[in-house]
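Data first, discussion second: the structure below is written as structure tokens.
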Amino acid sequence: MDFAFTEEQLMIRESAIAFLQNVSDSESIRKAMATDQGYDEAVWASLCQELYLQAITVPEDFGGLGLGFVELVAVMEQMGQYLLCAPFFSTVCLAATAVRLAGNDDQQADFFAKLLEGETSALAFTSNTYFNSKGVEVTYKKVGDQFVLNGEYRYVVDGHTAKNLVLVAREEGSVKHDGLAFFIVPADTQGITRQWLPTVDQTRKMATITLDNLMLDAASLMQENAVDVFHHVLDLATITLAAEQVGGAQKALDLTVEYTKERVQFNRPVASFQSVKHKAADMMTRVEAARSGVYYAACVADDALNAGPLADELKEAASIVKAAASEAYFQNAGDAIQLHGGVGFTWEYDVHMYFKRAKASEHFLGNAAYHRERLAKDLLGE
Amino acid sequence: MKLTFSKADEAFRQEVVSWLDAHLVGEFEQLKFRGGPGDEHMFPEERKRWEQTLAEGGWIGLGWPKEAGGRGCSIEQQVIFYEEYARAGAPGRVGHIGEGLAGPTIAAFGSDEQKQKYLPGILNGTELWCQGYSEPSAGSDLANVKTKARFDETKGKWIINGQKVWTSLAHESDYIFVIARTDPDSVAHKGLGFFLMKMDQSGIDVRPIEQITGTSEFNEVFFDEAECEAEDIVGKPGDGWKVAMGLLGFERGVSTLGQQMAFQNELNDVIAAAKANGAANDPVIRQRIAKAHEGLKIMRYNSMRTLSHDASDGALHKEALMYKLYWATWHRDLGELAMDVLGMECDVLEEAPYELTRLQSMYLFVRSDTIYGGTNQIQRNIIAERGLGMPKEPKVTIKA
């Protein structure tokens, strides 16, 4: 049993930190978030070309680094901490995971080659506020050798800028877990309309994607009757998102400790008051608890991809860490505003950016209540 | 990261499981799931015999170094033992203060004579120990110890006067380790001594404390000219605080996974109760059950993280620093959840005059978890100061 990062994993993390310190300071975040696109292409290019972070989980057979979710989680945690504005989560954690699980060899080879070049992708699947099969309302039907897709996706992370789209649709007339299929398509295909969806959290961009008789041939179909793959993709992505939330929750705490140590009232640093210290202690407790969960879940994710001994724990681990990390991030960000006092309410200080990202991340892929109900069903044997 | 155990460790697990299966029978059958927190006063004689049975099986002193008579087992094997011990429902240990605290302290700081005199009795399960730390005016402020020790030249012994409180198992114990003030003019953590004392003497009086549960596993211990042999001070007069704090370092969390297994048994009881009475259909209860499960799993992952750290630097990492606050608060919440699952039935006693059900007993007893061993408030101070580097509260002096 060894529940710690290896030297190699620590090196990946350290190089990510060194990079993020340079490209994702407050000024850079603010510049990126003010654009519709939401990221700086030069930053994304150097992330891909110099650090090769998009290649972490790409299998070696396809030219990638062939590393696992422990490495991915280590990087995502830091991206959350530095609030990086980049299409990494959408491309690597969502779309690439879907292609890896649902695509055939040719589709994977094609997709991963583009990914290694730095081409961005997005995963579109929900049309409402459910992040499970209940959310899939876009339909497809077979017409001869072709598939015709219709409907509207919401909350597609980086959907308006991605070069490729992975689409989840259900066969016309199917319900619940039946009839789900994965398709892959260039985003500029005729029949696809993409619209940026302005959001409170400006550091992660979302889009609405409308399909109007989108005609796809068999080569675009990745998998039919794919509900199991669908759940796996979401569970794996959920673990990476939780890692990012842990990083954000840590940053909210760091900002608070730093500020309260400097801020003097009643002739004392505010940080010397027990009411402030105790809140900060609770913030640290939450973030460390969630972090322990996330590191464990990353190991579970690797086992799930490699049929390891912990593979069966994927669903449970994903729900545990999403619930814990969602609460840790939002509560820490809220406490950070409170402990900053008036300046925490300003646009000038960075706290609000974390507060907004925290709420959006809490709901994306299901909030704590959703994941606890999912756990409860299994615990109560229903 | 690698979260699974080696083949050799799994073989060790099998050895533990088979031994417990073969020995937790006969008069020990009735001890299953007994003697834990809130139930520590039950079956003292049987549990003392169980200690000796454990000793015969070689299960006491697993983590002690070989030169102290222990088995020098790896962290993994100790974890496995505690896990399987709790899973089997083996009883709360009456020897845990000797094995976990007194023994390792004597092994680390004691003289050769003290080691020869005391370690064998702990390892063979015949001699039980209790801990004399807290006092009426030294709770959270542990260094405010008032109990006094003076050396009587004519008797050639240390003479102890004062009072200890919250001493669990004092009435069953053969020995007590005590911190007392050797320098009467000293304050706080200076001028203390660490003493090993026999309980069976006229100068020591044990009085049970009747607790919120109506039961009494804690005691007050009064010292009135009590005697301690000259050679039974650990270290020198004035070293007491250093020895006492060194003792805290021995608890590195190997037992936490076993404690969590006991928590799991309690949570299973709560879930079973919810399914039986229909509370499992209440959406709020469902959320709370799931959250309890989530917290318990996270404790497990957190302990694995702690145990994987190289301990040689003696540093307490952040996840270890917050663990007491986390589990104590979790356990308190579980007690409340248990009662809320039962609904109005939570108020009905097992039997008059005051026989509590297991869940009721747990619910009441867990109120102590957030108080003993450093209250939640003290824990938060420690986390903020040591984990986050926030400044100490300025001291206020009250004039007498």
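Values reported hereafter were calculated over all heavy atoms of this structure, with side chains retained and with hydrogens, waters and symmetry mates removed. Every chain is numbered from 1, with letters handed out A, B, ... down the list of sequences.
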Between L325(B) and D282(A) the two heavy atoms that sit nearest each other are CD2-OD1, 3.9 Å
Smallest heavy-atom separation, M390(B) atom then A280(A) atom, equals SD-CB, 3.6 Å
CZ (R291(A)) and NZ (K318(B)) are apart, to the nearest 0.5 Å, by 7.5 Å
Separation between CZ (R372(A)) and CZ (R288(B)), nearest 0.5 Å, reads 12.0 Å
Answer key: most heavy-atom pairs under 4.5 Å with chain B among V276(A), L375(A), L379(A), D254(A) is L379(A)
Applying a strict 4.5 Å limit to non-hydrogen atoms, the region of T260(A) in contact with chain B is side chain
CE (M304(B)) and OG (S292(A)) are apart, to the nearest 0.5 Å, by 10.5 Å
Cut-off 4.5 Å, heavy atoms of chain B, and the answer for K279(A) is neither
Contacts of K261(A) meeting side chain to side chain donor-acceptor pair (under 3.5 Å) (sequence neighbours excluded), chain-then-number -> none
Those residues of residues 291-298 of chain B that come under 4.5 Å of chain A on a heavy-atom basis, listed by number, are K291(B), H293(B), E294(B), K297(B), I298(B)
All heavy atoms of A376(A) vs all of A290(B), minimum pair found to be N-CB, 4.1 Å
For the backbone of Y295(A) and the side chain of R305(B), can you confirm whether one donor and one acceptor N or O come within less than 3.5 Å of each other? no
- E373(A) side chain to R286(B) backbone, donor-acceptor under 3.5 Å: no
Quick check: are there more than 12 heavy atoms from other residues, nucleotides or ligands sitting under 6.0 Å from CZ of F69(A)?
yes
NZ (K275(B)) and CG (L380(A)) are apart, to the nearest 0.5 Å, by 6.5 Å
Closest heavy-atom pair, E382(A) versus A280(B), reported as atoms and distance to 0.1 Å, is OE2-O, 4.4 Å
Output for pair (H371(A) NE2, Q287(B) CD), nearest 0.5 Å, gives 11.5 Å
Value for CG (L321(B)) from CE (M284(A)), rounded to nearest 0.5 Å, stands at 5.0 Å
**Message:** Check this for me: Q338(A), atom CD, are more than 12 non-hydrogen atoms of other residues, nucleotides or ligands nearer than 6.0 Å?
**Reply:** no
Sub-4.5 Å side-chain heavy-atom contact between Q377(B) and H278(A):
yes
